[in-house]
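Have a look at the structure below, then the notes.
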Amino acid sequence: MVSFESDYTTGAHPAILRALEQTNLESMPGYGKDLYCRRAKEKIRKAVGMEDAEVFFLAGGTQTNAVVISTMLADYEGVLAAETGHVSTHEAGAIEYTGHEVLTIPQKDGKMEPEDLRRYLQSFFADENHAQMTFPGMVYLSYPTEYGTLYTKQELTEISHICREYDLPLFLDGARLGYGLMSRSADLTLPELAALCDVFSIGGTKVGALCGEAVVFTRGNMPKNFMTSVKKRGALLAKGRLLGIQFDALFTDDLYFSISAHAIEMAERLKEIFASRKIPMYLDSPTNQQFVILENRQMEALRDKIAFSFWEALDQDHTVVRFASSWSTTEADLAALREALG
C-alpha cells in the first residue's frame, strides 16, 4: 500500500545504507568517540556557522527532548511550550516523567506568539505567590511546528530576545528541521536559526536516517558532564558510530538539504492534487505535513488504498487527516493517490 502516513515509514536513504555497509567491519571506539562522530560534528559546526558549537548525538526525538530539557532545568523549573507543542501533546508525558512540568501557552496555527510569551512571564513574576509555583526555566519551540507551520525570522527573533531578557534558554526541536529550512516560505537559514537559539536539534529520523538526532549547543552551554547525564537516563548508545556515520553522510554534499527539498516539492504536488479534487485543507502548511479535511465516508474509502494519519475529528461528518511527504516520496506514490481519489 502507498503510504503518506508519516515521514519515517521507510528505512534510510541509500547513501546512508552504503556508508553503514562500507564501514561495518571497521573497529571503532564506542559512545560517540569514533572517527565518524567527530567528522559529522565538524560538518555540522560548519553548516551552522559556529566553530565552537557543541554537538551530541542521540537516537530519537522524544529521547532528545527529555534529555535536553531535564539536564538544562533546575528541579523547580518547567518548560514553556505552545499548547499544541510536541512536548505538550504527543510525547506521552515524557517530560513530566523526568520531574519537570510542561507549562502551556496559547497557540495560533501551532505557533507560540511572542506577545503571549511575554504576557505569561510578566504575569508569573508579578504574582506574589510565584515562589510556590513551577518556575518557567526554558522555552520550547519546534520548527516546523506540530501543524507544519513555520516561525518567521522576525517571530523567532522576538521570542529569542524575550528569552534573553528573562535569562531563559531557547530550545528549538528540529525533528523535521530540513523540511522547515527548505520550505518555499522559510526566511531563515540554518546559521541564522542557530544564532537565535541556545540549543536545537537536527532531526535525522524523519529526514533520511534510520534513526538519530543531533543536539547542538550554541553558546558553550552544554550541561556539565553531559555524557554522564545522558547515560544516567539510559540514552547513551554504545555503538555511537551508528549515529555518526549517518550524520556524516547526511552532511556530505548537502544531502540533508537536497532530500528535504525533494519532500517539499512532493508536498506542493500533494496540495495540487487535493485542490484539483476540491478537497479543502485544514490550514496552510508550507512544509511536508499537509492537513486535509475529508468527509468520513470518503476517508474510509480512501483508507483501503492509501495510508495516512488521523489527526482530529472536525465535526460529525468530517475528519482532519495528515498526509506527509518525505525524502522517499515518489512520482508513483502521487499517481496512486490521484487514482485512488478518482
Check your understanding: Under a 4.5 Å cut-off applied to non-hydrogen side-chain atoms, are Asp7 and Val207 in contact?
Key -> no
Review point. Given side chains that start at C-beta, do those of Val199 and Pro169 come closer than 4.5 Å, heavy atoms only?
Key: no
Review point. Does any non-hydrogen side-chain atom of Leu270 lie less than 4.5 Å from one of Ser325?
Key: yes
Review point. Do Phe4 and Phe308 have ring centres separated by under 6.0 Å?
Key: no
Review point. So, do Leu35 and Met28 sit near enough that their side-chain heavy atoms are less than 4.5 Å apart?
Key: no
Practice item. Decide, yes or no, whether a salt bridge links Glu146 with Arg176 under the criterion of side-chain N to carboxylate O below 4.0 Å. Key: no
**Study point:** Distance-minimising heavy-atom pair for Pro191 and Gly49
**Key:** CG-N, 4.5 Å
Review point. Got a salt bridge between Glu158 and Arg118, using NZ or NE/NH1/NH2 to carboxylate O under 4.0 Å?
Key: no
Check your understanding: Who pairs with Ala47 by side-chain contact (heavy atoms from CB on, under 4.5 Å), at least two apart in sequence or on another chain?
Key -> Leu190, Phe251
Check your understanding: Would Glu21 and Arg18 pass as an ion pair if we require N to O under 4.0 Å?
Key -> no
Review point. Are side-chain heavy atoms of Tyr140 and Met112 found at a separation under 4.5 Å?
Key: no
Practice item. Indicate whether any N or O donor in one side chain lies under 3.5 Å from an N or O acceptor in the other, for Thr189 and Glu192. Key: yes
Check your understanding: In the single-linkage hydrophobic clustering (I, L, V, M, F, W, Y; side-chain heavy atoms under 4.5 Å), do Leu172 and Leu117 co-cluster?
Key -> yes
Study note, to complete from the structure: Smallest heavy-atom separation, Thr134 atom then Leu103 atom, equals O-CD1, 4.1 Å
Review point. Counting only heavy atoms not in Asp317, do more than 12 fall under 6.0 Å of its CG?
Key: yes
Review point. When rounded to the nearest 0.5 angstrom, what is the spacing between CD in Gln290 and CZ in Arg322?
Key: 11.0 Å
**Study point:** Check: Pro286 main-chain N/O paired with Ser183 side-chain donor or acceptor under 3.5 Å
**Key:** yes
Exercise for review: Indicate yes or no: at least one non-hydrogen side-chain atom of Glu312 is less than 4.5 angstrom from one of Tyr282.
Suggested key: yes
Revision key, fill the gap. Residues 327-341 vs side-chain hydrogen bond (donor to acceptor under 3.5 Å, both in side chains), sequence neighbours excluded, gives Thr10-Ser328, Arg269-Glu331, Ser326-Ser328, Thr330-Asp333
**Study point:** Main-chain N/O of Thr9 paired to Ser6 side chain as donor or acceptor, under 3.5 Å
**Key:** no
Practice item. Please check if the distance between the ring centroids of Trp311 and His318 is under 6.0 Å. Key: no
Practice item. Starting at CD of Glu51, measure out to CD of Glu42 and round the result to the nearest 0.5 Å. Key: 8.5 Å
Check your understanding: Side chains of Leu302 and Val321: closer than 4.5 Å at any heavy-atom pair?
Key -> no
Point to revise | Passing candidate, ring-ring contact (aromatic ring centres under 6.0 Å, His included) with Phe247, options Phe56, Phe57, Tyr256 | key: Phe57
Point to revise | Cys37 backbone acceptor or donor facing Asp34 side chain under 3.5 Å | key: yes
Practice item. State, to 0.1 Å, how close Thr218 and Ala194 come at their nearest heavy-atom pair, and which atoms those are. Key: CG2-O, 3.5 Å
Practice item. Taking only Lys NZ, Arg NE, NH1 and NH2, and the carboxylate oxygens of Asp or Glu, determine whether Lys271 and Glu268 approach each other closer than 4.0 Å. Key: yes
Check your understanding: Which distance, rounded to the nearest 0.5 Å, do you find between the CG of Leu150 and the NZ of Lys111?
Key -> 7.5 Å
Review point. For Lys43, what residues pass the side chain to side chain donor-acceptor pair (under 3.5 Å) criterion, not counting sequence neighbours?
Key: Asp248, Thr252
Review point. Where do Thr319 and Asn296 land on the side chain to side chain donor-acceptor pair (under 3.5 Å) test, with the steps shown first?
Key: CA-CA 6 Å; Thr319 299; Asn296 291 344; 2.7 Å; yes
Exercise for review: Would you kindly confirm whether Leu141 and Tyr147 end up in one hydrophobic cluster when ILVMFWY residues are joined by side chain heavy atoms under 4.5 Å apart?
Suggested key: no
**Study point:** Residue Gln132 excluded, over 12 heavy atoms near CD under 6.0 Å
**Key:** no
Review point. So do the side chains of Ile306 and Phe323 get within less than 4.5 Å of each other, counting heavy atoms only?
Key: yes
**Study point:** Neighbour count >12 (heavy atoms, 6.0 Å) for atom CG, Asp253
**Key:** no
Exercise for review: Ignoring hydrogens and angles, tell me if any N or O in the side chain of Gln107 forms a donor-acceptor pair with the backbone of Asp109 under 3.5 Å.
Suggested key: yes
**Study point:** Ring centre gap for Phe200 and Tyr143 strictly below 6.0 Å
**Key:** no
Check your understanding: What are the two closest non-hydrogen atoms of Ala235 and Val67, and how far apart are they?
Key -> CB-CG2, 4.0 Å
**Study point:** Hphob cluster co-occupancy, Leu181 + Ile264, side-chain heavy atoms under 4.5 angstrom
**Key:** yes
Point to revise | Heavy-atom closest pair, residues Leu170 and Asp198 | key: N-OD2, 2.7 Å
Check your understanding: Does the Gln246 side chain pair with the main chain of Leu210, one donor and one acceptor, at a distance under 3.5 Å?
Key -> yes
Check your understanding: Among the clusters formed by ILVMFWY side chains lying less than 4.5 Å apart, do Phe310 and Leu294 turn up in the same one?
Key -> no
Review point. Would one find more than 12 heavy atoms of other residues, nucleotides or ligands at under 6.0 Å from atom CG of Asp315?
Key: yes
**Study point:** Interatomic distance, Lys232 atom NZ to Met227 atom CE [nearest 0.5 angstrom]
**Key:** 15.0 Å
Practice item. Would you confirm whether Glu128, through its side chain, and Phe125, through its main-chain N or O, come within 3.5 Å as a donor-acceptor pair? Key: no
Practice item. Can you see which heavy atom on Ala59 is nearest to which on Thr205, and at what distance? Key: O-OG1, 3.8 Å
